[in-house]
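Okay, structure first, notes after.
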Amino acid sequence: QVHLVESGGGLVQIGGSLRLSCAASGASLDYLAIGWFRQAPGKGREVVSGISSSTSSTIYGDFVEGRFTISRDILKNTVYLQMNSLKPEDTAVYYCAAVPQPGIAEPPLDADAYDYWGRGTQVTISS
């Protein structure tokens with residue numbers, strides 16, 4: 001059983017930055033593809049970013065436009081999402097998700113492909 005815990009959310013002003021963390025336990029990131037998703041009030045869950053188990057493949061939602069960077073620390077078994085130039089429309093609950101996957105496979109874009117989910121962390125951008 002994989003357990004995921006997100007942290008790092010908060011309230012920031014327009015143009016600010018946050019770094020979200022997703023700490024995994026129960027399995028090594030060497031065997032897991034990790035995705036970040038977000039859900040704003042009244043909207044569906046959308047993919048923000050993802051990283052393959054080998055780190056050879058990363059994906060980003062179209063709205064990211066170079067503002068976010070996904071990375072990981074294998075020693076800490078943690079994936080990070082660095083978010084810069086934040087906009088009010090980035091306000092949402094951010095979730096990380098995991099699925100066992102071969103190293104070179106691209107992380108899934110579809111939330112339904114992930115087996116394990118964290119409880120989420122709130123990100124609020126104020127004007």
Side-chain angles (χ1 to χ4, degrees):
Q1 184 75 11
V2 176
H3 187 55
L4 304 172
V5 178
E6 304 95 336
S7 61
L11 174 66
V12 295
Q13 292 186 328
I14 293 174
S17 298
L18 283 173
R19 188 178 79 158
L20 305 184
S21 299
C22 173
S25 59
S28 169
L29 292 178
D30 282 335
Y31 305 103
L32 299 172
I34 300 293
W36 281 100
F37 292 81
R38 71 183 188 183
Q39 188 164 18
K43 296 187 177 181
R45 193 165 291 190
E46 63 178 344
V47 64
V48 179
S49 185
I51 187 167
S52 64
S53 58
S54 69
T55 73
S56 62
S57 177
T58 58
I59 58 166
Y60 294 93
D62 291 341
F63 63 87
V64 170
E65 299 176 327
R67 300 180 297 129
F68 299 173
T69 304
I70 192 169
S71 63
R72 77 175 197 188
D73 184 332
I74 194 64
L75 295 179
K76 295 182 179 180
N77 221 39
T78 298
V79 172
Y80 303 99
L81 183 68
Q82 177 67 44
M83 305 190 297
N84 300 324
S85 302
L86 286 163
K87 307 174 182 180
E89 51 265 42
D90 293 319
T91 295
V93 178
Y94 284 69
Y95 301 89
C96 69
V99 59
Q101 197 165 62
I104 61 173
E106 187 173 271
L109 295 169
D110 187 350
D112 290 339
Y114 289 83
D115 295 329
Y116 306 100
W117 289 82
R119 299 184 68 177
T121 185
Q122 176 71 47
V123 172
T124 304
I125 314 305
S126 66
S127 57

Tell me if a side-chain donor or acceptor on Thr121 pairs with a main-chain N or O of Gly9 at a distance below 3.5 Å. yes
Tell me whether Arg119 is salt-bridged to Glu6, with the criterion being a basic N under 4.0 Å from an acidic carboxylate O. no
Write down the atom of Ile59, the atom of Pro108, and the distance for their closest heavy-atom approach. CD1-O, 3.7 Å
With distance as the sole test, does Asp115 use its side chain to make a donor-acceptor pair with the main-chain N or O of Pro100 at under 3.5 Å? no
Main-chain N/O of Ile125 paired with Thr91 side-chain donor or acceptor, under 3.5 Å: yes
Taken to the nearest 0.5 Å, the spacing of Thr78 OG1 from Asp73 CG works out to 6.5 Å
Any luck finding a side-chain donor-acceptor pair between Gln122 and Thr124 under 3.5 Å? yes
Compile the donor-acceptor pairs under 3.5 Å between side chains in residues 11-25 and protein atoms, sequence neighbours left out, one pair per line.
| unit_1 | atom_1 | unit_2 | atom_2 | d |
| --- | --- | --- | --- | --- |
| Ser17 | OG | Asn84 | OD1 | 2.9 |

Are Val64 and Met83 linked, directly or through other ILVMFWY residues, by side chains that come within less than 4.5 angstrom of each other? yes
Under a 4.5 Å side-chain heavy-atom rule over Ile, Leu, Val, Met, Phe, Trp and Tyr, are Tyr80 and Ile34 clustered together? no
To the nearest 0.5 Å, atom CD of Gln101 lies from atom OG of Ser53 at 6.5 Å
Rounded to the nearest 0.5 angstrom, the CZ-CZ distance for Arg38 and Arg45 is 13.0 Å
Which pairs count as ring pair (Phe, Tyr, Trp, His ring centres under 6.0 Å) when at least one residue sits in residues 26-75, sequence neighbours excluded? Phe37-Tyr114, Phe37-Trp117
What do you reckon, is CG of Asp110 surrounded by more than 12 foreign heavy atoms closer than 6.0 Å? yes
Would you give the length of the straight line joining atom OG of Ser126 to atom CG of Leu86, rounded to the nearest 0.5 angstrom? 10.5 Å
Once side chain to side chain donor-acceptor pair (under 3.5 Å) is applied, what residue pairs with a partner in residues 63-72 remain, sequence neighbours excluded? Asp30-Arg72, Glu65-Lys87, Arg67-Asp90
